[in-house]
4 protein chains.
Amino acid sequence: MSTGRLEAFSDGVLAIVITVMVLELHVPPKGHDALHDLWDYTGVGLLTYVLSFVYIGIYWNNHHHMFQIAQYVDGSVLWANLHLLFWLSLYPFTTAWLDESKVALTPTVVYGVNLLAAAIAYYLLQLRMMRQPQTGPVLRDVVGNDLKGKLSPAIYLTGICLAFVVPWLALVPFAIVAAIWLIPDRRVERYLAEHRGLAD
Amino acid sequence: MSTGRLEAFSDGVLAIVITVMVLELHVPPKGHDALHDLWDYTGVGLLTYVLSFVYIGIYWNNHHHMFQIAQYVDGSVLWANLHLLFWLSLYPFTTAWLDESKVALTPTVVYGVNLLAAAIAYYLLQLRMMRQPQTGPVLRDVVGNDLKGKLSPAIYLTGICLAFVVPWLALVPFAIVAAIWLIPDRRVERYLAEHRGLAD
Amino acid sequence: MSTGRLEAFSDGVLAIVITVMVLELHVPPKGHDALHDLWDYTGVGLLTYVLSFVYIGIYWNNHHHMFQIAQYVDGSVLWANLHLLFWLSLYPFTTAWLDESKVALTPTVVYGVNLLAAAIAYYLLQLRMMRQPQTGPVLRDVVGNDLKGKLSPAIYLTGICLAFVVPWLALVPFAIVAAIWLIPDRRVERYLAEHRGLAD
Amino acid sequence: MSTGRLEAFSDGVLAIVITVMVLELHVPPKGHDALHDLWDYTGVGLLTYVLSFVYIGIYWNNHHHMFQIAQYVDGSVLWANLHLLFWLSLYPFTTAWLDESKVALTPTVVYGVNLLAAAIAYYLLQLRMMRQPQTGPVLRDVVGNDLKGKLSPAIYLTGICLAFVVPWLALVPFAIVAAIWLIPDRRVERYLAEHRGLAD
């Protein structure tokens, strides 16, 4: 089964998730038109929006890289992919609660669990991809020891624990995960460059 | 008429339907930041969201499989496809009512009728596809006796009837349909594998 | 300039417009869970939703047919296409007003003007396509005297005038336009079939 | 890395941004069904919608032109592109505030800053594209002195300054930028035409 439509569908869902979060940002009410009103009413919303935007961007980026290698996948990958999309589709909801509650304990933990679940779902998708006949060996080679992939859940867990001390503190480890993934991953590109070089 | 754009458009609609349902999930109001508040205010919403997400995922999956076989379709398929998308596009609305009414009788029946109508629309689309000159014979071969396709409407009807006894009970048969479709359908994949093998 | 991305972007906008209209359908409030509540609160909304869904489906269908013929277009087509998408993107808004006002005079006229403007925008897009070096002659041949295209604005105008007598009456001609377009247009398909035949 | 999916994802985000703004347009409340009600309640909303629709259309158009030239891009372009999409995804929010406040000072300045940030993000994306091995030289040749690209931020800044005199005045320079970009840019098309000519 070719990957074209799986990628198109995932692009669609991610594009909508990233955009729909903007709909959860409420403009300050009438008559509150100063800059501090923007901060009072939507300051937390804008910060969490940036964070969630970066996460979705990272997932899209990694997803894009991983499926560059694949050409054919079986039905199990479709479901592993839908599982990932399910957790990512909850980001607007958990982000909105985090924002609405001004970073209270339970919403922060729920947000962290959502981040963790998405990370695990991505890991499971990657595992399924590594089992694919042609893509597998290449992907295993490219991903290597996958330090980032193994570190991220641990840092998310640290954040969830920190939330019980001071909820705001949890956002620090969450932001750290985003930061370590923002540094672009050259492994796939390097492989593609070599591969294309060999093909010539 | 090539199927590329029909698939892209369907992917777009399904991606939006699946994501828009999240917008119907309302976060607990300010000051209600405990875990039981999440359950009280959005527990039913989350459960019905999962159910509807799985349905849309199944339709996307089957749609994807069916159009893998087709290359050219006539205008009647475009309309049969739009008819299917119409019923699927109502899922966010009927899911929201089911959730808002906390699974009352009429909303449950309306939800069941929506599920049933989508199943019938899919069946009609499949019938039209089987009439296509090149795709038809292959699809008829692949689909075979289509046990799942014939069982699903019957189970939906059972659910609609059960709703008149206790509305919550209806969700059991509805979930059973989702479960029997979640088991991946290897028929198309087997065909594609053989076909590709023959082409080599 | 190849048409691939123009088609993808138009598909995206149309897919969203068609789905977003569902968000304007409000479920009956808590405690109003009977079938007549659905009719009282969202009956008009569901009817206008069906009408607008059919219109968007028709535009997508015709758009799809027209761009099957084209392969390269110039920048003016991109803008003519955006102009069409602009009017179509207003459908959810004018449909929502029509629904909210329970088909009052002004909202009905505004809805009719929106339908008319979209029809004119489609006509202008078709004109621009007919000026394209390679696509033009083929399209002119395929479209022919374009009876439907010329009749539709006249029927919309009739509807707008009828709205001043009884607003509900306007929906009759509006529905008639939808009906005459639902009959599939075999001209493009016939051309493609012949053309493909000749190429073999 | 091929550009196909980057274009598809950008198309998705832009298609949603352009459509989601319609959701921010609120229909006049029940019983306010006259034409002046439409003007009173959504007049400003419709005007700012048109303006923002035109901006997104322009960005899509230029984005489309720029990526027609590229075939392979590296990871840095993915992030430069996501950076642009971030600022564009805020348009529905800043447009809604501009509209809600009936063009008050701070919302107008915030809207202007959003426009400016998107223009800078596009400029940075263009810079990254010019560094790409194969695409770079061609793009540099095609873009030339990029008068429009350099003028736009200056005009946006003028608008932001004018907002401090009379907020409404700022919309004049903002509209001027839209107008100078609406005039289609023949440079890329000319290049593609020549290039295709040479290839034959």
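Each chain gets a letter, A, B and so on, in the order its sequence line appears, and its residues count up from 1.
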inquiry  = Counting only non-hydrogen atoms closer than 4.5 Å, does B:L23 touch chain C with its backbone (N, CA, C, O), its side chain (CB onward), both, or neither?
reply    = side chain
Heavy-atom contact with chain C under 4.5 Å, split by part of B:V109 =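 For B:V109, there is no contact with chain C at all, as no heavy atom is under 4.5 Å.
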Can you tell me how far [atom2] of [Y] sits from [atom1] of [X], rounded to the nearest 0.5 angstrom?
X     : Y      : atom1 : atom2 : value
B:L78 : C:I58  : CG    : CD1   : 12.5 Å
B:L6  : C:D11  : CG    : CG    : 9.5 Å
B:F9  : C:E7   : CZ    : CD    : 13.0 Å
C:H36 : B:T106 : NE2   : OG1   : 8.5 Å

ask   = Would you call the rings of B:F86 and C:F53 parallel, tilted or perpendicular, where under 30° means parallel and over 60° means perpendicular?
value =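 Perpendicular, since the angle between the ring planes exceeds 60°.
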request  = Go through B:A104, B:S10, B:G12, B:S89 and name the one with the most non-hydrogen pairs under 4.5 angstrom from chain C.
outcome  =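 The answer is B:S89.
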query = In terms of heavy-atom contacts, does CZ of B:R140 have more than 12 from other residues, nucleotides or ligands at under 6.0 Å?
reply =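 Yes, CZ of B:R140 has more than 12 neighbouring heavy atoms, counting only those of other groups under 6.0 Å.
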Close side-chain approach of [X] to [Y], heavy-atom, < 4.5 Å:
X     : Y     : result
C:L38 : B:W97 : yes
B:V17 : C:V22 : no
B:R5  : C:W60 : yes

remark   = Note: vs chain B, highest number of non-hydrogen pairs under 4.5 angstrom among C:V50, C:L25, C:V20, C:I18 is C:L25
request  = Against chain B, label C:L46 side chain, backbone, both or neither, depending on which of its atoms sit under 4.5 Å from a heavy atom there.
outcome  =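 It is the side chain, since no backbone atom gets that close.
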